[in-house]
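Worth knowing before you read on, the calculation uses all heavy atoms, side chains too, and leaves out hydrogens, waters and symmetry mates. FYI, the numbering just counts along the sequence from 1.
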Amino acid sequence: MKKFYFSDEKEKKRALACLLFAKRTGLIDDSSLEAVAERCEAENQKRKEMLKNGEVVYGLTQFPLSVYLDYELTRFRLDFASENETVKKNYRYAPISKKERKEYYRNNGDLFTRYGGDKFSFREVSMIIEKKIREEQYENEINNILCELS
């Protein structure tokens with residue numbers, strides 16, 4: 001197996017928790033680090049073929065293993081937050097009320113301030129707020145899995 005480098009055991013456990021949640025939500029079939037290495041190799045091969053065929057490759061032309069893991073973990077979080085169809089089939093999202101969105105808007109005003117100091121209106125950023133709340137839900141799910149693994 002190829003070697004993964006984690007800064008500490010906590011980082012490794014978090015990555016494993018994210019992989020396990022991705023499996024539970026249907027984003028991947030195998031949550032093992034070996035499977036990550038296989039998916040990395042497949043992605044690198046795909047990009048190599050695209051380059052060979054003169055196609056445009058966005059981002060890296062070849063992923064180092066640690067960068068690919070970060071790429072996957074980020075993609076899982078974003079897929080969850082955007083209510084990806086695969087996730088929706090395997091996970092029941094908690095509803096987010098308008099009251100919750102408005103409270104988030106009030107409590108995180110600095111996120112919705114323009115350069116000149118004026119704020120985006122609630123209506124302008126309502127969808128972004130919903131995604132931010134979904135990201136918090138994602139973090140809660142990961143923390144629950146970390147508790148399970150401990």
### Query
Could you walk me through whether Asp8 and Glu11 pass the side chain to side chain contact (heavy atoms under 4.5 Å, CB included) check?
CA-CA 6 Å; Asp8 56 24; Glu11 181 185 25; 3.4 Å; yes
### Task
Taking Arg134 for its side chain and Leu78 for its backbone only, find out whether a donor-acceptor pair lies under 3.5 Å.
no
### Query
Roughly how far, to the nearest 0.5 Å, is the CG atom of Asn108 from the CD1 atom of Ile128?
12.5 Å
### Task
Indicate, with yes or no, if Ile145 and Tyr93 share a hydrophobic cluster defined by side-chain heavy-atom contacts under 4.5 Å among Ile, Leu, Val, Met, Phe, Trp and Tyr.
yes
### Message
Donor-acceptor check, side chain of Arg101 to backbone of Ile96, threshold 3.5 angstrom: yes or no?
### Response
yes
### Query
Between Asp79 and Thr86, is any pair of side-chain heavy atoms under 4.5 Å apart?
no
### Stepwise side chain to side chain contact (heavy atoms under 4.5 Å, CB included) check, Leu60 with Tyr71
CA-CA 11 Å; Leu60 299 175; Tyr71 163 78; over 6 Å; no
### Task
Using atom types as modelled and distance alone, determine if a side-chain donor or acceptor of Asn53 lies under 3.5 Å from a backbone N or O of Glu55.
no
### Message
Restricting to non-hydrogen atoms, name the atom on Phe4 and the atom on Ala37 that form the minimum distance, rounded to 0.1 Å.
### Response
CZ-N, 4.2 Å
#### Entry: With sequence neighbours excluded, residues passing side-chain contact (heavy atoms from CB on, under 4.5 Å) with Arg114
Asp118, Phe120, Glu124
### Query
So, does Asn44 use its side chain to make a donor-acceptor pair with the main chain of Gln62 at under 3.5 Å?
no
### Distance (rounded to the nearest 0.5 Å) between Ser97 OG and Glu103 CD
8.5 Å
### Query
Do any pairs count as a salt bridge (Lys or Arg N to Asp or Glu O under 4.0 Å) and have a residue in residues 140-150, sequence neighbours left out, and if so which ones?
Arg24-Glu148
### Task
Measure centre to centre between the rings of Phe112 and Tyr105, then say whether the value is under 6.0 Å.
yes
### Task
Nearest 0.5 Å please: distance from the CD1 atom of Ile129 over to the CZ atom of Arg106.
10.0 Å
### CE (Met50) with more than 12 external heavy atoms under 6.0 Å
yes
### Query
Hey, is the main chain of Gly26 close enough, under 3.5 Å, to the side chain of Tyr91 for a donor-acceptor pair?
no
#### Entry: Separation between CZ of Phe80 and CD1 of Ile142, rounded to the nearest 0.5 Å
8.5 Å
#### Entry: Test: Glu41 and Lys48 ion pair at under 4.0 Å
no
### Query
Any side-chain heavy-atom pair from Leu19 and Leu73 closer than 4.5 angstrom?
yes
### Nearest heavy-atom neighbours spanning Glu100 and Pro95
OE1-O, 3.5 Å
### Task
Step by step, work out the salt bridge (Lys or Arg N to Asp or Glu O under 4.0 Å) result for Glu136 and Lys132.
CA-CA 6 Å; Glu136 287 179 0; Lys132 290 290 193 183; over 6 Å; no
#### Entry: Hphob cluster co-occupancy, Met127 + Val87, side-chain heavy atoms under 4.5 angstrom
no
### Task
Provide the closest heavy-atom pair for Tyr68 versus Arg39 in the form atom of the first, atom of the second, distance.
OH-CB, 3.5 Å
### Task
Please find out if less than 6.0 Å separates the ring center of Phe76 from that of Tyr138.
no
### Query
Would you say the side chain of Val125 lies within less than 4.5 Å of the side chain of Tyr104, judging by non-hydrogen atoms?
no
### Query
So which heavy atom on Lys119 is nearest to which on Thr113, and how close?
CG-OG1, 3.9 Å
### Query
Do the numbers put Lys102 on top of the ring of Phe122, so that NZ or CZ is under 6.0 Å from the six-membered ring centre and no more than 45° off the axis?
yes
### Query
Just wondering, more than 12 heavy atoms not from Asn107 lying within 6.0 Å of its CG?
yes
## Note on the structure
Scanning both residues in full, the closest heavy-atom pair of Ile28 with Ser31 reads CD1-CA, 4.0 Å
### Query
Quick one: OG on Ser82 to CZ on Arg75, what's the gap to the nearest 0.5 Å?
11.0 Å
### Message
Do Cys40 and Phe63 make a side-chain contact, defined as non-hydrogen atoms from C-beta onward lying under 4.5 Å apart?
### Response
yes
### Task
Using the side chain to side chain contact (heavy atoms under 4.5 Å, CB included) rule, take Glu72 and Leu27 through it: C-alpha gap first, then chi angles, then the decisive distance, then the call.
CA-CA 10 Å; Glu72 269 202 342; Leu27 293 172; over 6 Å; no
### Message
Tell me the closest heavy-atom pair linking Ala22 and Thr25, and the distance in Å.
### Response
O-OG1, 3.1 Å
### Task
First locate atom CD of Glu139, then atom CG of Leu146, and finally report the distance between them rounded to the nearest 0.5 Å.
9.5 Å
### Task
Let me see the working for Lys46 and Glu49 under salt bridge (Lys or Arg N to Asp or Glu O under 4.0 Å), right down to the final yes or no.
CA-CA 5 Å; Lys46 176 182 148 192; Glu49 288 298 316; over 6 Å; no
### Query
Do Val67 and Val57 belong together in a cluster built from hydrophobic side chains that touch within less than 4.5 Å?
no
### Query
Can you find a heavy atom in the side chain of Arg77 that is under 4.5 Å from one in the side chain of Glu135?
yes
